[in-house]
Enquirer: 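Questions regarding the structure given below will be posed in turn.
All values reported here derive from a predicted model rather than from experimental measurement. Start at 1 with the first residue, then count along the sequence.
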Amino acid sequence: MNYPDVHWPLPTWVSDFAATWKQGFSTQEDRADFVLAMALENVRQGTGGPFSAAVFAIDSHRLVAPGVNLVTSANASSAHAEIVALCIAQQLAGNFDLGSCGDFELIASTAPCAMCLGAVPWSGVSRLVCCARGSDAEAIGFDEGAKPIEWIESLRERGIEVVQDVCRDKAVAVLEEYAQGGGVIYNPERSN
């Protein structure tokens with residue numbers, strides 16, 4: 001049997017979107033605004049769920065890798081925005097450990113689900129910035145998985161700074177627009 005190669009190409013609009021972003025990335029709020037605008041565009045383009053993420057160089061604030069949620073368009077439950085952004089950043093760096101290449105932050109439109117949380121310490125990023133909270137995603141019906149209650153402390157113990165609630169109101173508005181527009185809440189169906 002021949003198995004297909006696994007590819008999660010970013011939607012074609014993402015490169016143009018990043019290239020034409022005029023606001024800049026000098027503050028954490030600027031970088032969060034970019035991530036949230038990208039999440040909203042992902043919703044409006046119909047190319048995935050209401051989530052996005054991006055990896056930035058901490059010292060220069062340079063965008064290293066954007067990522068959007070591709071679960072529905074790629075038919076891949078693991079194609080979450082954080083995973084996509086981290087994979088692109090690591091491939092561009094030529095190293096699975098971003099920490100060996102410099103200091104990087106991952107900005108996520110919503111706090112990571114259980115799967116993405118597991119990827120954060122393995123990625124080598126030294127800062128995680130979250131816009132919405134997991135409870136905000138759960139409020140529109142998403143299942144964020146079984147995350148430890150003290151996940152923030154756990155990351156901090158590993159030397160990863162965690163910042164929460166950056167532009168949270170804007171992030172919640174993206175989630176709500178997705179839900180109100182009839183976006184697919186793609187939790188796995190389970191029979192009891």
Enquirer: Looking at every heavy atom in both Cys116 and Glu82, which two are closest together, and how far apart are they?
Expert: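 That would be SG-OE1, 3.3 Å.
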Enquirer: Just verifying a value: how many Å separate Ser123 OG and Phe96 CZ, rounded to the nearest 0.5 Å?
Expert: 12.0 Å
Enquirer: Are the side chains of Pro112 and Phe51 in touch, meaning some heavy atoms are under 4.5 Å apart?
Expert: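 No, too far: nothing below the 4.5 Å cut-off.
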Enquirer: When rounded to the nearest 0.5 angstrom, what distance separates OG1 in Thr12 from CD in Gln45?
Expert: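 With rounding to 0.5 Å, OG1 (Thr12) is 7.5 Å from CD (Gln45).
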Enquirer: Check whether any side-chain N or O of Thr20 sits under 3.5 Å from a backbone N or O of Asp16 as a donor-acceptor pair, and report yes or no.
Expert: yes
Enquirer: Which atom pair, heavy atoms only, marks the closest approach of Asn42 to Pro11?
Expert: OD1-CG, 4.4 Å
Enquirer: Hey, what do you get for CE (Met38) to CD1 (Ile107), rounding to the nearest 0.5 Å?
Expert: 10.0 Å
Enquirer: Do His80 and Cys113 have side-chain heavy atoms sitting under 4.5 Å apart?
Expert: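 A side-chain contact under 4.5 Å exists here.
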Enquirer: Between Trp8 and Val35, is there shared hydrophobic-cluster membership here, with clusters defined by ILVMFWY side-chain heavy atoms closer than 4.5 Å?
Expert: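 Both belong to a single hydrophobic cluster.
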Enquirer: So, taking the atom named CG in Leu36 and the one named SG in Cys167, what distance separates them when rounded to the nearest 0.5 Å?
Expert: 6.0 Å
Enquirer: Test of understanding: with salt bridge (charged side-chain N to carboxylate O under 4.0 Å, His left out), list the residues that count as partners of Glu153, not counting sequence neighbours.
Expert: none
Enquirer: Out of curiosity, does Trp151 fall in the hydrophobic cluster containing Met115 (side-chain heavy atoms, cut-off under 4.5 Å, transitive links)?
Expert: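 No, it is not one cluster - the side chains of Met115 and Trp151 are not joined through contacts under 4.5 Å.
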Enquirer: Nearest 0.5 angstrom please: Leu106 CG to Arg127 CZ, how far?
Expert: 11.5 Å
Enquirer: Is it true that Arg31 and Glu105 make a salt bridge, defined as a side-chain N closer than 4.0 Å to a carboxylate O?
Expert: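 A salt bridge links Arg31 with Glu105.
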Enquirer: Checking side-chain contact (heavy atoms from CB on, under 4.5 Å) for the pair Ser126/Ile58: CA distance, chi angles, key distance, verdict?
Expert: CA-CA 9 Å; Ser126 53; Ile58 289 179; 3.3 Å; yes
Enquirer: In this structure, would Val71 and Val184 fall into the same cluster of hydrophobic residues linked by side-chain contacts under 4.5 Å?
Expert: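 Yes, because Val71 and Val184 connect within a single hydrophobic cluster, where side-chain heavy atoms sit under 4.5 Å apart.
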Enquirer: Tell me the closest heavy-atom pair linking Ser109 and Cys131, and the distance in Å.
Expert: O-CB, 3.2 Å
Enquirer: A side-chain contact here means heavy atoms from C-beta on lying under 4.5 Å apart; do Pro121 and Ile160 qualify?
Expert: yes
Enquirer: What are the two closest non-hydrogen atoms of Leu98 and Ala93, and how far apart are they?
Expert: CD2-CB, 4.0 Å
Enquirer: Using every non-hydrogen atom in the two residues, find where Leu63 and Ala54 come nearest and quote the distance to one decimal.
Expert: CD1-CB, 3.8 Å
Enquirer: Are Leu86 and Val14 grouped together when hydrophobic residues (ILVMFWY) are joined by side-chain heavy atoms under 4.5 angstrom apart?
Expert: no
Enquirer: Is the shortest heavy-atom distance from the side chain of Val166 to the side chain of Val163 under 4.5 Å?
Expert: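 Heavy-atom side-chain distance check passes, below 4.5 Å.
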Enquirer: Hydrophobic clusters here meaning ILVMFWY residues chained together by side-chain heavy-atom distances under 4.5 Å, can you tell me if Ile83 and Leu92 are in one?
Expert: yes
Enquirer: May I ask you to test the Val68-Val84 pair for a side-chain heavy-atom distance under 4.5 Å?
Expert: no
Enquirer: Evaluate the side-chain proximity of Ile185 to Tyr178: yes if any heavy-atom separation is below 4.5 Å, no if none is.
Expert: yes
Enquirer: Compute the centroid of each ring, for Phe25 and then for Phe56, and state whether the two points are separated by less than 6.0 Å.
Expert: yes
Enquirer: Mind listing the closest non-hydrogen atom pair of Pro66 and Ile88 along with its distance?
Expert: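 Closest approach of Pro66 to Ile88: O-CD1, 3.5 Å.
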Enquirer: Is the shortest distance from a Lys or Arg side-chain nitrogen in Arg168 or Asp136 to a carboxylate oxygen in the other one below 4.0 Å?
Expert: yes
Enquirer: Go through the structure and list residues passing salt bridge (charged side-chain N to carboxylate O under 4.0 Å, His left out) with Arg44, not counting sequence neighbours.
Expert: Glu177
Enquirer: State, yes or no, whether a side-chain contact exists between Thr110 and Cys130 at a heavy-atom distance under 4.5 Å.
Expert: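 The answer is no; the side chains never approach within 4.5 Å.
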Enquirer: Check the angle between the aromatic planes of Phe34 and Phe17 and answer parallel, tilted or perpendicular using the 30° and 60° thresholds.
Expert: tilted
Enquirer: Is any side-chain heavy atom of Ser52 less than 4.5 Å from a side-chain heavy atom of Asn69?
Expert: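 Answer no - side chains too far apart.
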Enquirer: Would you check, one step at a time, whether the test side-chain hydrogen bond (donor to acceptor under 3.5 Å, both in side chains) holds for Asp33 with Gln23?
Expert: CA-CA 9 Å; Asp33 279 342; Gln23 186 172 328; 3.0 Å; yes
Enquirer: Which distance, rounded to the nearest 0.5 Å, do you find between the CG of Leu10 and the OG of Ser15?
Expert: 6.5 Å
